[in-house]
Undergrad: 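Can you read through this structure? Questions will come right after.
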Amino acid sequence: MPDSRAADPVRGPLRRVDRYVVALLATVGLATLLPARGAAADALDAATKAAVALLFFLYGVRLSPRAALGGLRHWRLHVPILLCTFAVFPLLGLAVGRLPTAVLGPQLAAGLLFLCLLPSTVQSAVAFTSMARGNIAAAICSASFSTLAGVLLTPLLTALLLRGGTVPFSARQAAGILIQLVVPFLAGQAARPLLADLVARHRKVTTLCDRGSILLVVYAAFGAGVTAGIWQQVSAGRLLALLAVCAVLLTGVLMFTAGCARLLGFPREDRVTAVFCGSTKSLAGGLPMATVLFASGDVSLIVLPLMLYHLLQLLVCAVIARRWTAAAGAGPPSSTPRQVVGDVRER
């Protein structure tokens, strides 16, 4: 009898996704119960900055400019995705900011706007595209280029749209991102010819470094937030309102990208790519950027919308990918999500 787990290309990745989501939630719980204070908080701050720099250095080593730019021949697909990521999303974030203050409050509204300014995620977008039998090569190119563009565009858009708001932000903080994020990223790009093969051979180690760094950032951000009284500022009703707004945002963007792809006459494979690359946002990129761009007391509230949106996009896109896989007929995709994500890193 065939193994049902092997026949289901979605169930295996969902188990890995679930473990990571559980780890994120457990880290928030740990930070709530045992936040770092005093000298321990200072040491954690230094460790977090080092981890973020290492994270972006590894991004630079793994991300191939050729893979990111190689899809320019397919510009009719990539341009709408980029416009959705860096134009439509920010407009939606500004619209959310028009809600009454009682719904979210200024800091959560600023966090939602920051979420809308982030690049799309590479790993999830490519993995879900593979599951749904979309255009994998185009997804790799689009998500990679979005990441490259986001290193510069996200801080610039944040400086432009959040300056003078309730959440303190200044051009000086935007300049700080050059030192803590852009410089390590460019150093990784420069070291790529020497280190790319080594990093590809030790994929499990680099994945552990990625996720460990993100968990460290989450612990530091929410620990600082607990010290500043985050859970006294966010009521259960406001948290539910935030979850509802994130759900409406994700639903709207999924419908928008699917509708635009149909109007533009894209074939099925490109429509799949447009939906997953145009609607997802990068937790791995957003959390480190937030720690650099915002004051430590504000980071926990700023990243809360991103964490909720990330959880929703994983769950909802997994369901969509499962349905599209079934609609595409029996048989495994040409590459498994794990192989495709490995391909992204190696290229």
Side-chain angles (χ1 to χ4, degrees), residues 10 13-14 17 21 71 74 76-96 111-136 138-147 149-150 153-154 157 242-264 266-287 305-325 327 337 340-341 344:
V10 177
L14 276 181
V17 165
V21 170
H74 205 7
R76 286 189 68 251
L77 172 62
H78 299 313
V79 168
I81 292 174
L82 285 174
L83 286 176
C84 183
T85 301
F86 294 112
V88 175
F89 255 113
L91 289 174
L92 291 174
L94 290 172
V96 169
L112 253 167
L113 178 55
F114 176 69
L115 152 70
C116 293
L117 305 180
L118 292 171
S120 60
T121 178
V122 176
Q123 293 174 324
S124 296
V126 174
F128 286 130
T129 298
S130 174
M131 291 178 201
R133 295 173 175 79
N135 189 332
I136 299 172
I140 292 172
C141 293
S142 182
S144 299
F145 187 76
S146 178
T147 298
L153 283 180
T154 296
L157 289 172
L242 174 62
L243 183 62
V245 171
C246 287
V248 170
L249 177 64
L250 177 60
T251 302
V253 174
L254 286 169
M255 294 176 62
F256 178 81
T257 52
C260 286
R262 288 193 189 93
L263 286 175
L264 292 170
F266 290 160
R268 179 195 175 279
E269 292 78 8
D270 287 353
R271 292 202 304 271
V272 170
T273 301
V275 168
F276 289 130
C277 291
S279 62
T280 55
K281 288 294 184 177
S282 175
L283 178 76
L287 287 176
L306 173 57
M307 291 186 64
L308 288 179
Y309 188 89
H310 176 76
L311 175 61
L312 286 173
Q313 77 183 16
L314 290 177
L315 297 176
V316 173
C317 289
V319 172
I320 293 173
R322 184 188 293 273
R323 290 183 177 179
W324 282 350
T325 300
V340 172
V341 171
V344 175

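Only this structure's heavy atoms are used, side chains among them; waters, hydrogens and symmetry mates stay out.
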Undergrad: Looking only at atom types and distance, does a side-chain atom of Ser146 sit under 3.5 Å from a main-chain N or O of Ser142, one as donor and one as acceptor?
TA: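 Such a contact is absent between Ser146 side chain and Ser142 backbone.
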Undergrad: In Å, rounded to the nearest 0.5 Å, how long is the span from CG of Leu94 to CG of Leu113?
TA: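 The CG atom of Leu113 is 5.5 Å from CG of Leu94, to the nearest 0.5 Å.
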Undergrad: So with a 6.0 Å cut-off around CZ of Phe266, is the heavy-atom count from everything else above 12?
TA: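 For Phe266, atom CZ is crowded (more than 12 foreign heavy atoms under 6.0 Å).
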Undergrad: Looking only at heavy atoms, what is the nearest atom pair of Cys84 and Gly278, with distance?
TA: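 Minimum heavy-atom separation between Cys84 and Gly278: SG-O, 3.3 Å.
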Undergrad: Working to the nearest 0.5 Å, report the span between SG of Cys246 and CG of Leu311.
TA: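 Separation between the atoms: 10.0 Å.
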Undergrad: Can you measure from CD1 (Ile320) to CZ (Phe276) and round to the nearest 0.5 angstrom?
TA: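 Going from the CD1 atom of Ile320 to the CZ atom of Phe276 covers 5.5 Å.
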Undergrad: Decide yes or no on side chain to side chain contact (heavy atoms under 4.5 Å, CB included) for Leu314 and His310, but give the supporting numbers first.
TA: CA-CA 6 Å; Leu314 290 177; His310 176 76; 3.4 Å; yes
Undergrad: Show your reasoning for whether side chain to side chain contact (heavy atoms under 4.5 Å, CB included) applies to Leu283 and Leu118.
TA: CA-CA 9 Å; Leu283 178 76; Leu118 292 171; over 6 Å; no
Undergrad: Locate the shortest heavy-atom distance separating Asp270 from Leu77; write the atom from each residue and the value.
TA: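 Looks like O-CD1, 3.6 Å.
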Undergrad: Could you give the distance from CG (Leu287) to OG (Ser282), rounded to the nearest 0.5 Å?
TA: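 The distance works out to 8.5 Å.
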Undergrad: Could you tell me whether the side chain of Val275 reaches within less than 4.5 Å of the side chain of Trp324, counting heavy atoms only?
TA: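 Answer yes - side chains close enough.
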Undergrad: Could you check if a side-chain atom of Leu112 sits within less than 4.5 angstrom of a side-chain atom of Leu242, using non-hydrogen atoms only?
TA: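 Touching, per the 4.5 Å side-chain cut-off.
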Undergrad: CG/Leu254 to OG/Ser279 distance, rounded to the nearest 0.5 angstrom?
TA: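 One finds 4.5 Å between CG of Leu254 and OG of Ser279.
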Undergrad: Check whether any side-chain heavy atom of Leu249 sits under 4.5 Å from a side-chain heavy atom of Leu115, and report yes or no.
TA: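 In short, these two side chains touch, coming nearer than 4.5 Å.
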Undergrad: When you compare the side chain of Thr121 with that of Gln313, does any pair of heavy atoms fall below 4.5 Å?
TA: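 The answer is yes, as the side chains (C-beta and beyond) meet within the 4.5 Å cut-off.
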Undergrad: Let me know which of Leu250, Leu308, Val96 forms a side-chain contact (heavy atoms from CB on, under 4.5 Å) with Val245.
TA: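 Exactly one candidate clears the test, Val96.
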Undergrad: Minimum heavy-atom separation for Leu312 to Ala247, with atom names?
TA: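 The pair with the smallest heavy-atom distance is CD1-N, 3.6 Å.
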Undergrad: Using every non-hydrogen atom in the two residues, find where Ala138 and Asn135 come nearest and quote the distance to one decimal.
TA: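 For Ala138 and Asn135, the tightest heavy-atom pair comes out as N-OD1, 3.0 Å.
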Undergrad: Would you check if the side chain of Thr280 reaches a backbone N or O of Ser120 as a donor-acceptor pair within less than 3.5 Å?
TA: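 No, Thr280 side chain to Ser120 backbone: no donor-acceptor pair under 3.5 Å.
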Undergrad: So, is the end of the Lys281 side chain (NZ or CZ) under 6.0 Å from the ring centre of Tyr309 and within 45° of the ring's axis?
TA: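 Output no; distance or angle outside limits.
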Undergrad: Rounded to the nearest 0.5 Å, how far apart are OG1 of Thr85 and CG of Leu117?
TA: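 Separation between the atoms: 11.5 Å.
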